[in-house]
There are 2 protein chains.
Amino acid sequence: MNQTAGTTRIQRRNTAAITEAALEVFSANGFRGATVDQIAKAAGLSKPNLLYYFPSKEAIHQHLLATLMDTWLDPLREMDPEGDPLEEILAYIRRKLEASRDFPRESRLFANEIVQGAPHILPTLEGELKDLVDEKAKVLSRWMEEGRIQRVHPYHLIFSIWSLTQHYADFDVQVRAVLGSGDTDPFPEAEDYVITLFTRMLALKP
Amino acid sequence: MNQTAGTTRIQRRNTAAITEAALEVFSANGFRGATVDQIAKAAGLSKPNLLYYFPSKEAIHQHLLATLMDTWLDPLREMDPEGDPLEEILAYIRRKLEASRDFPRESRLFANEIVQGAPHILPTLEGELKDLVDEKAKVLSRWMEEGRIQRVHPYHLIFSIWSLTQHYADFDVQVRAVLGSGDTDPFPEAEDYVITLFTRMLALKP
DNA sequence: GTCGCATTTGACCAAACGGTCAAAGTCACG
DNA sequence: CGTGACTTTGACCGTTTGGTCAAATGCGAC
């Protein structure tokens with residue numbers, strides 16, 4: 001019934017269970033691949049009961065994407081224009097890598113959405129996301145002009161951070177298949193590697 | 001009826017039309033999101049006629065993945081153990097970037113498959129793909145031991161090449177949304193950036 | 001031209017799907 | 001403990017989907 005966080009105890013519990021279950025199912029199967037029954041079962045509810053809290057499958061998906069967008073952008077928002085350039089960039093990378101490790105389902109949900117042409121969130125990409133990136137790209141450009149990091153294309157710098165960090169969440173299966181040994185955690189190695197990569201690219205060599 | 005390339009003229013024409021149409025539809029909508037009717041229509045056939053050539057939707061998908069896997073691995077196969085290390089690696093990166101530009105649908109098809117846990121091609125990843133990467137990682141390691149490029153984790157080096165190059169195919173919508181101006185081709189800039197990135201990481205600084 | 005085989009099609013089916021609805025059950029609160 | 005609002009459910013509906021089938025059509029070799 002109520003799209004936002006419920007006001008009663010039961011509403012809160014059930015909307016939470018639904019969003020959790022929907023995240024699980026959508027991220028593993030994509031929007032079309034997920035069924036309302038599947039989500040309802042995972043949430044411990046009957047299908048009509050689930051549809052009592054959200055008007056449609058589409059609405060659950062939209063709600064998830066909208067909620068997650070902030071989680072997704074926050075690490076970049078935290079990059080401080082007044083901090084030390086290289087430190088700020090490396091800290092941003094570490095935050096993104098943490099996000100990939102701790103919220104892989106969220107990452108895969110976005111990946112699914114974008115790979116298929118972002119049918120549900122294109123406006124957000126062209127609005128909120130673009131605005132934030134424009135702002136931070138200016139900061140990066142300034143740091144480069146001030147000679148505090150090496151000069152590279154600021155937008156592609158951000159793209160490369162996204163692609164490298166999210167790869168370990170989105171393509172997790174492939175990474176583990178290639179590394180063998182499904183038990184070993186690839187993230188510590190990944191962090192070393194990625195930090196080295198960006199340090200060598202951006203640090204000044206006098 | 002016949003999964004492999006048909007033997008008659010009509011068989012060849014129709015199987016080709018089906019695989020082309022299926023690539024288009026599967027890459028844009030994912031496996032579950034694609035419908036047989038959609039593929040049939042895109043191929044200019046009726047649904048029963050399409051199912052005369054392939055026994056099921058699943059079979060078309062499998063056939064596509066199997067065919068594309070080679071296209072996907074060839075750029076890495078071409079990396080020559082006897083060539084100049086940095087040149088070979090940069091040439092590999094250029095080939096992968098070309099592949100992302102020229103075959104974005106193939107890239108998205110794989111991305112869809114892997115993000116959702118690689119349900120259809122996990123064995124191939126653990127077999128053929130892992131074997132090839134193991135072999136090439138040894139070459140990279142040798143180059144590093146010989147002091148001809150800088151020392152980094154060879155597997156993550158390969159992962160980073162994959163993630164950076166495929167990002168421009170798989171997340172094309174996002175890249176264009178952030179850059180604005182849907183008309184400009186981001187690939188020339190991307191190539192400059194990525195080549196710079198890996199050169200600075202790998203080249204020796206005496 | 002005609003015969004055998006390949007190809008194509010309209011009609012059809014069962015299952016799965018997203019969603020509705022009226023009725024039943026449950027909770028909070030005076 | 002009763003009442004009104006909130007919650008839950010089984011039965012149901014129309015549509016979409018993957019796939020089947022028998023019949024019709026087209027094609028090429030003789």
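Every heavy atom of this structure was used, including side-chain atoms; hydrogens, water molecules and symmetry mates were not. By convention in this document, chain letters (A, B, ...) are assigned in the order of the sequence lines, proteins followed by strands, and residues within each chain are numbered from 1. All values derive from a computational prediction rather than experimental measurement.
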For [X], check side chain to side chain donor-acceptor pair (under 3.5 Å) against everything at least two apart and list the hits.
{"X": "A:Glu98", "result": "none"}
{"X": "A:Trp143", "result": "none"}
{"X": "A:Lys130", "result": "A:Asp134"}

Sequence-aligned protein contact record of nucleotides 14-26 of chain D, with B where the base is within under 4.0 Å of a protein heavy atom and S where only the sugar-phosphate is: ---SBBBB-----
Identify, residue by residue, the members of residues 18-29 of chain B with a heavy atom below 4.0 Å from DNA chain D, and return them in order of residue number, or none. none
Check the interface with nucleotides 27-30 of chain D: list each N/O to N/O pair with the protein under 3.5 Å, or write none.
from	atom 1	to	atom 2	distance (Å)
D:dG28	OP1	B:Arg9	NH2	2.7

Quick one: which residue pairs count as a salt bridge (charged side-chain N to carboxylate O under 4.0 Å, His left out) with a foot in [range], not counting sequence neighbours?
{"range": "residues 56-72 of chain B", "result": "B:Asp70-B:Arg77"}
{"range": "residues 103-119 of chain A", "result": "A:Glu20-A:Arg105, A:Glu24-A:Arg105"}
{"range": "residues 149-173 of chain A", "result": "A:Asp172-A:Arg176"}

Is the phosphate of [N], meaning OP1 or OP2, less than 4.0 Å from a side-chain N or O of [X]?
{"X": "B:Tyr53", "N": "C:dA6", "result": "no"}
{"X": "B:Asn14", "N": "C:dA6", "result": "no"}
{"X": "B:Ser46", "N": "C:dG10", "result": "no"}

Atom pair distance, as rounded to whole Å: CD in A:Gln38 and P in C:dG18: 9 Å
Separation of atom CZ in A:Arg12 from atom C1' in C:dC27, rounded to whole Å: 14 Å
My understanding is that only residues two or more places apart in sequence, or in another chain, count here; which of them pass salt bridge (charged side-chain N to carboxylate O under 4.0 Å, His left out) with A:Arg32? none
Identify each donor-acceptor pair in which a side-chain atom of residues 80-88 of chain B lies under 3.5 Å from a protein atom, sequence neighbours left out, and give them as a table.
from	atom 1	to	atom 2	distance (Å)
B:Asp80	OD1	B:Glu82	N	2.9
B:Asp84	OD2	B:Glu87	N	3.2
B:Glu88	OE1	B:Asp80	N	2.8

Let me check something: any side-chain donor-acceptor pairs from residues 37-47 of chain A under 3.5 Å, sequence neighbours excluded? List them with distances.
from	atom 1	to	atom 2	distance (Å)
A:Gln38	OE1	A:Thr35	N	3.2
A:Ser46	OG	A:Asn49	N	3.4

Indicate, with yes or no, if the rings of B:His153 and A:Tyr193 have centres closer together than 6.0 Å. no
